[in-house]
Novice: 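Below is a structure I'd like to ask you about.
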Amino acid sequence: MIQVHLPDGSARELEAGSSAADLASQIGPGLARAAVAAVVDDEVCDLSRPLSDGAQVRLLTKRDPEALEILRHSAAHLLADAILRIFPQAQLAIGPVVEDGFYYDIYMPDGSITPEAFPQIEAEMKRLAKESHAFERCQVADKDADEAFARYRAIDGGHNKFKHEIVQDIEARGEEITLYRHGEFVDLCRGPHVPNTGWLKFAKLTAVSGAYWRADADREQLVRVYGTAFFGKGELKEHLHRLEEARKRDHRMLGEQLDLFHFEEEAPGFPFFHAKGATVFNLLVDTMRNLLRRRGYFELKTPLVLSEKLWHVSGHYDNYLENMFFTKLKLRDEKDAATIHDNVEEQRPMALKPMNCPGHVLVYKDRNHSHNEFPLRFSEMGLVHRRELSGVRHGLFRVQAFTQDDAHHFCTPEQIGDEICMLIDFFREVYGLFGLDDVRIELSTRPEKSLGSDEIWDQAESALQGALDAGGIEYQVNEGDGAFYGPKIDFHIRDVLKRSWQCGTIQLDFSMPDRFGCTYVGADGAKHTPVMIHRACYGSVERFLGILIEHFAGRFPTWLAPVQVLVIPVSAKFIEYAREVHEQLLDADVRTEVNLKDDRVGYKIREASLQKLPYVIVVGERETENRTVSPRSRDQGELDEMTVAAFLERLTEERA
RNA sequence: GCCGACGUAGCUCAGCUGGUAGAGCAGCUCACUCGUAAUGAGCAGGUCGUCCGUUCGAAUCGGAUCGUCGGCUCCA
């Protein structure tokens with residue numbers, strides 16, 4: 001007999017050689033059915049693995065996050081099995097689990113795998129799942145003698161150099177080779193797996209893309225087939241529904257449908273905001289301006305183009321060159337006007353600002369400062385340009401020019417803690433305005449490419465950490481992900497679809513004030529170097545707008561809607577009254593339009609609904625006579641006839 | 001940047017194996033004067049992303065290029 005320990009502190013007696021599966025059935029039939037795998041002495045392993053005496057055992061069921069990974073990894077095996085049946089020439093590379101599912105990288109010496117083949121592959125996977133083959137772990141003691149290994153070698157033709165490479169690596173590390181078999185299929189794998197393929201009924205292939213062997217562009221091109229798997233039909237359906245919902249909310253599509261912005265081939269990654277998009281954009285900016293003013297910020301406006309020399313001083317030239325746009329001069333030949341000299345060497349080469357900080361430093365340096373005016377807070381809705389690799393541009397989320405709601409605090413080292421705490425409260429309040437209350441905070445530390453001594457970095461990192469700890473704020477640490485001039489705190493917010501977006505950032509900087517020779521006069525009458533805090537709350541206004549479009553699915557709350565009310569006359573006879581109502585709304589600062597086109601009321605309402613306008617107002621004979629309006633709310637449908645004053649009151653309540 | 005797919009009217013898309021482009025919506029005009037998600041009729045609209053090539057002939061085939069979309073930390 002052996003004894004094993006359970007997480008609740010209790011112990012169980014089992015016959016020698018018993019497995020975790022035996023333990024589960026001893027505890028109860030329900031658990032025996034629900035158990036997926038086990039954690040034995042902190043190692044995740046198969047249910048069938050024999051337990052040793054004194055082991056600490058935790059059984060995993062579908063509720064445990066580890067279990068979902070195991071399920072998905074098993075599904076990757078099933079995918080590989082199915083693919084080999086349909087494409088016998090395929091060679092398997094690797095098949096790991098990723099955030100929302102799994103993938104398998106496959107080498108196709110001829111042909112390819114396209115989404116058209118998905119139904120066939122999925123049908124094969126479903127069949128294999130129904131057959132409920134047990135996953136069997138095989139340890140390979142001697143490759144040449146082992147029967148399972150011989151089968152494994154034969155499984156995709158015996159010439160699979162990818163697996164061969166992996167086996168060599170494992171042997172080089174002196175580790176044991178293990179295989180997993182289900183039915184006829186054998187794959188090199190560390191495991192663990194679900195007990196049998198019967199668990200894998202709810203799998204779905206989602207995408208196919210290219211990838212390289214070992215992520216090396218010089219190595220073989222592989223086909224990466226993505227899929228996902230869940231324990232139950234409901235969860236799979238919900239996941240697919242969420243993907244569909246995210247697709248429908250795509251801000252690039254809504255941006256076009258709602259006439260908010262567009263992109264041009266002539267200006268890749270530079271959005272053109274239309275009137276409605278610009279309205280929302282400006283509302284975001286105005287909202288922020290008010291909040292900043294109440295917190296004692298001074299708003300600046302600094303140039304877009306500054307000399308290259310300045311970027312040498314700031315360190316951007318050495319650390320950020322690849323992301324910067326530089327000006328390039330062209331000159332007409334003095335003698336021949338038709339000849340243009342390209343790439344003319346400029347005496348003072350210029351660059352577009354990728355960040356606002358050096359500009360703010362120059363404003364700071366324009367006069368002397370005293371500790372009495374600290375913390376000094378300079379803000380700017382700063383338009384910055386950053387070059388991005390062509391493949392990473394993405395709607396408003398990744399552009400090449402964007403507006404930062406940027407600010408820099410100049411303060412003494414002692415003031416850092418209070419400033420950080422103020423900012424954390426401030427940022428949370430801002431996100432709350434949009435119903436974005438799920439905020440996660442991350443602390444990022446020194447990256448490889450960076451400025452300043454270890455001592456300064458340690459000081460800065462502990463200052464941030466100290467402020468977070470003192471405020472009792474929960475956060476996680478991101479090693480090596482800081483800015484090149486200092487460590488930072490990032491704010492990640494979850495939208496209504498539970499997707500996470502990085503928005504706000506607070507960055508500590510001990511080196512830029514020093515490089516630029518910024519000083520202040522302290523209480524001791526001597527000159528000191530101030531600390532600089534870089535911070536942005538929306539991050540990029542463009543990107544934040546994109547997030548809001550998706551968060552609200554284009555249905556902006558009334559206070560943020562580009563057009564709040566559309567006035568519609570029932571027919572041409574009531575145009576005059578419609579105009580009058582429109583004017584009254586305009587006078588009350590409502591963003592309103594009037595639709596006087598020669599169309600049916602129903603048609604105009606449909607148009608307004610598709611534009612997701614919060615309100616339409618219909619006026620006809622009744623309203624003209626009674627001096628009233630009949631509103632229809634986007635969210636509540638048709639409302640009762642009311643006076644314009646009553647309608648305005650309703651709007652005011654909503655706008656507050 | 002790399003890999004893959006895609007690029008036809010303002011939008012969504014059709015156009016088989018090469019023979020000179022089509023629909024719906026939007027737009028415009030006219031009629032209807034209309035009560036809460038599409039009134040009807042007519043008109044107009046395209047160097048088929050761009051360049052080069054193959055061909056008697058290219059939206060269609062080949063190459064390059066630009067752009068868009070998806071993917072590119074994940075190492076059994």
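Side chains included, hydrogens not; waters and symmetry mates left out as well; all remaining heavy atoms used. Reminder, nothing fancy here: chain letters follow the sequence lines and each chain counts from 1.
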Novice: Whole angstrom is fine here: how far is it from CZ in A:Arg224 over to P in B:G4?
Specialist: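 For the pair A:Arg224 CZ and B:G4 P, the rounded distance is 14 Å.
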
Novice: Could you tell me the Watson-Crick or G-U partner of B:A31, where both distances fall under 3.5 Å? Say none if there is no partner.
Specialist: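 Base-paired to B:U39.
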
Novice: At under 4.0 Å, does any side-chain N or O of A:Arg600 touch on OP1 or OP2 of B:A37?
Specialist: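 No.
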
Novice: Mind checking the C1' distance from B:C13 to B:C48? Whole angstroms is fine.
Specialist: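 To the nearest whole Å, 13 Å.
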
Novice: Please determine whether a side-chain nitrogen or oxygen atom of A:Tyr226 lies at a distance below 4.0 Å from atom OP1 or OP2 of B:C72.
Specialist: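 Indeed, a polar side-chain atom of A:Tyr226 lies that close.
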
Novice: So, under a plain 3.5 Å distance rule, would you say the side chain of A:Asp598 forms a donor-acceptor pair with the base of B:C30?
Specialist: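 When only heavy-atom distances are counted, A:Asp598 does not reach the base of B:C30 through any donor-acceptor pair under 3.5 Å.
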
Novice: Is any side-chain N or O of A:Asp599 under 3.5 Å from a base N or O of B:C34, one able to act as donor and the other as acceptor?
Specialist: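 Side chain to base: no pair below 3.5 Å.
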
Novice: With no angle test and no hydrogens, is the base of B:G10 tied to the side chain of A:Glu256 by a donor-acceptor pair under 3.5 Å?
Specialist: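 Looking at the base of B:G10, it does not pair with any donor or acceptor on the side chain of A:Glu256 (distance under 3.5 Å).
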
Novice: side-chain hydrogen bond (donor to acceptor under 3.5 Å, both in side chains): which pairs involve residues 568-577 of chain A, sequence neighbours left out?
Specialist: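 Qualifying pairs: none.
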
Novice: Just so I know, are the side chains of A:Ile617 and A:Tyr615 near enough to count as touching, which here means a heavy-atom distance under 4.5 Å?
Specialist: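 In short, these two side chains do not touch, never coming nearer than 4.5 Å.
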
Novice: According to the interplanar angle, ranging from 0 to 90°, do the rings of A:Tyr317 and A:Phe326 count as parallel (below 30°), tilted (30 to 60°) or perpendicular (above 60°)?
Specialist: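 Geometry flag for A:Phe326 against A:Tyr317: perpendicular rings.
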
Novice: Tell me: CD1 of A:Ile170 to P of B:C75, nearest whole Å?
Specialist: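 Rounded to whole Å, this separation is 13 Å.
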
Novice: On a whole-Å scale, what distance lies between the C1' atoms belonging to B:A59 and B:U17?
Specialist: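 15 Å, rounded to whole Å.
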
Novice: A:His73 side chain N/O closer than 4.0 Å to the phosphate oxygens (OP1, OP2) of B:A76?
Specialist: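 Checking B:A76 against A:His73, no side-chain N or O comes under 4.0 Å of OP1 or OP2.
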
Novice: Using purine N1 to pyrimidine N3 plus N6-O4 or O6-N4 for Watson-Crick, or N1-O2 and O6-N3 for G-U wobble, both under 3.5 Å, which nucleotide pairs with B:C72?
Specialist: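 Pairing partner: B:G1.
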
Novice: Both A:Ser571 and A:Ser630 contact RNA chain B. Taking the nearest nucleotide for each, which residue is further toward the 5' end?
Specialist: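 With A:Ser571 and A:Ser630 compared, the 5'-side residue is A:Ser571.
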
Novice: Quick one: does A:Asn196's side chain get under 4.5 Å of A:His133's, heavy atoms only?
Specialist: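 Answer no - side chains too far apart.
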
Novice: Hey, does the side-chain of A:Arg190 have a donor or acceptor N/O within less than 3.5 Å of a partner on the base of B:C75?
Specialist: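 A donor-acceptor contact between them is absent.
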
Novice: Say you pick atom P in B:G49 and the same atom in B:A21; how far apart are they, in whole Å?
Specialist: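 B:G49 and B:A21 have their P atoms separated by 15 Å.
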
Novice: Please pick, from B:A76, B:G49, B:C72, the nucleotide with the shortest atom-to-atom distance to any side-chain atom of A:Thr178.
Specialist: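 So the nucleotide nearest the side chain must be B:A76.
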
Novice: Considering only the P atoms, how many Å lie between B:U29 and B:A44, rounded to the nearest integer?
Specialist: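 Comparing P positions in B:U29 and B:A44 gives a spacing of 15 Å.
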
Novice: Rounded to whole angstrom, note down the C1' distance from B:C25 over to B:A64.
Specialist: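 36 Å, rounded to whole Å.
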
Novice: Nearest-nucleotide wise, let me know which of A:Ser609 and A:Lys597 is further upstream toward the 5' end of RNA chain B.
Specialist: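 Taking each residue's closest nucleotide, the earlier one in sequence belongs to A:Lys597.
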
Novice: Does the pair A:Arg249/A:Glu245 count as a salt bridge with the N-to-O cut at 4.0 Å?
Specialist: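 Here A:Arg249 pairs with A:Glu245 in a salt bridge, since their nearest N and O are under 4.0 Å apart.
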
Novice: Flag the pair A:Phe102 / A:His73 as yes when their ring centroid distance falls below 6.0 Å, and as no otherwise.
Specialist: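 Ring centres of A:His73 and A:Phe102 not closer than 6.0 Å.
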
Novice: When we call it a touch if two heavy atoms are under 4.0 Å apart, what does A:Glu176 touch: a base, just sugar-phosphate, or nothing?
Specialist: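 Counting heavy atoms under 4.0 Å across all strands, the contact made by A:Glu176 includes a base.
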
Novice: Could you tell me how far apart A:Leu610 (CG) and B:A38 (C1') are, to the nearest whole angstrom?
Specialist: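 Answer to the nearest Å: 9 Å.
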
Novice: Could you check whether A:Arg252 gets within reach of a base, just the sugar-phosphate, or nothing at all, counting any heavy atom under 4.0 Å?
Specialist: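 Sugar-phosphate: the residue A:Arg252, judged by heavy atoms under 4.0 Å, touches backbone atoms but no base.
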
Novice: Of all the choices, B:A76, B:U36, B:U68, which nucleotide is nearest to the side chain of A:Ile605 once you look at every atom?
Specialist: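 Of all the options, the side chain of A:Ile605 is nearest to B:U36.
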
Novice: Could you work out the separation of B:A31 and B:A37 based on their C1' atoms and round it to a whole Å?
Specialist: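 Approximately 24 Å lies between the C1' atom of B:A31 and that of B:A37.
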
Novice: Taking only the P atom of each, what is the distance from B:G53 to B:G46 in whole angstrom?
Specialist: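 My reading of the P atoms in B:G53 and B:G46 gives 27 Å.
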
Novice: For atom P, what is the distance between B:U8 and B:C69, given to the nearest Å?
Specialist: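 Comparing P positions in B:U8 and B:C69 gives a spacing of 14 Å.
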
Novice: Which one is paired to B:G24, where only Watson-Crick or G-U wobble pairs with both distances under 3.5 angstrom count?
Specialist: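 Because both required distances fall under 3.5 Å, B:G24 counts as paired with B:C11.
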
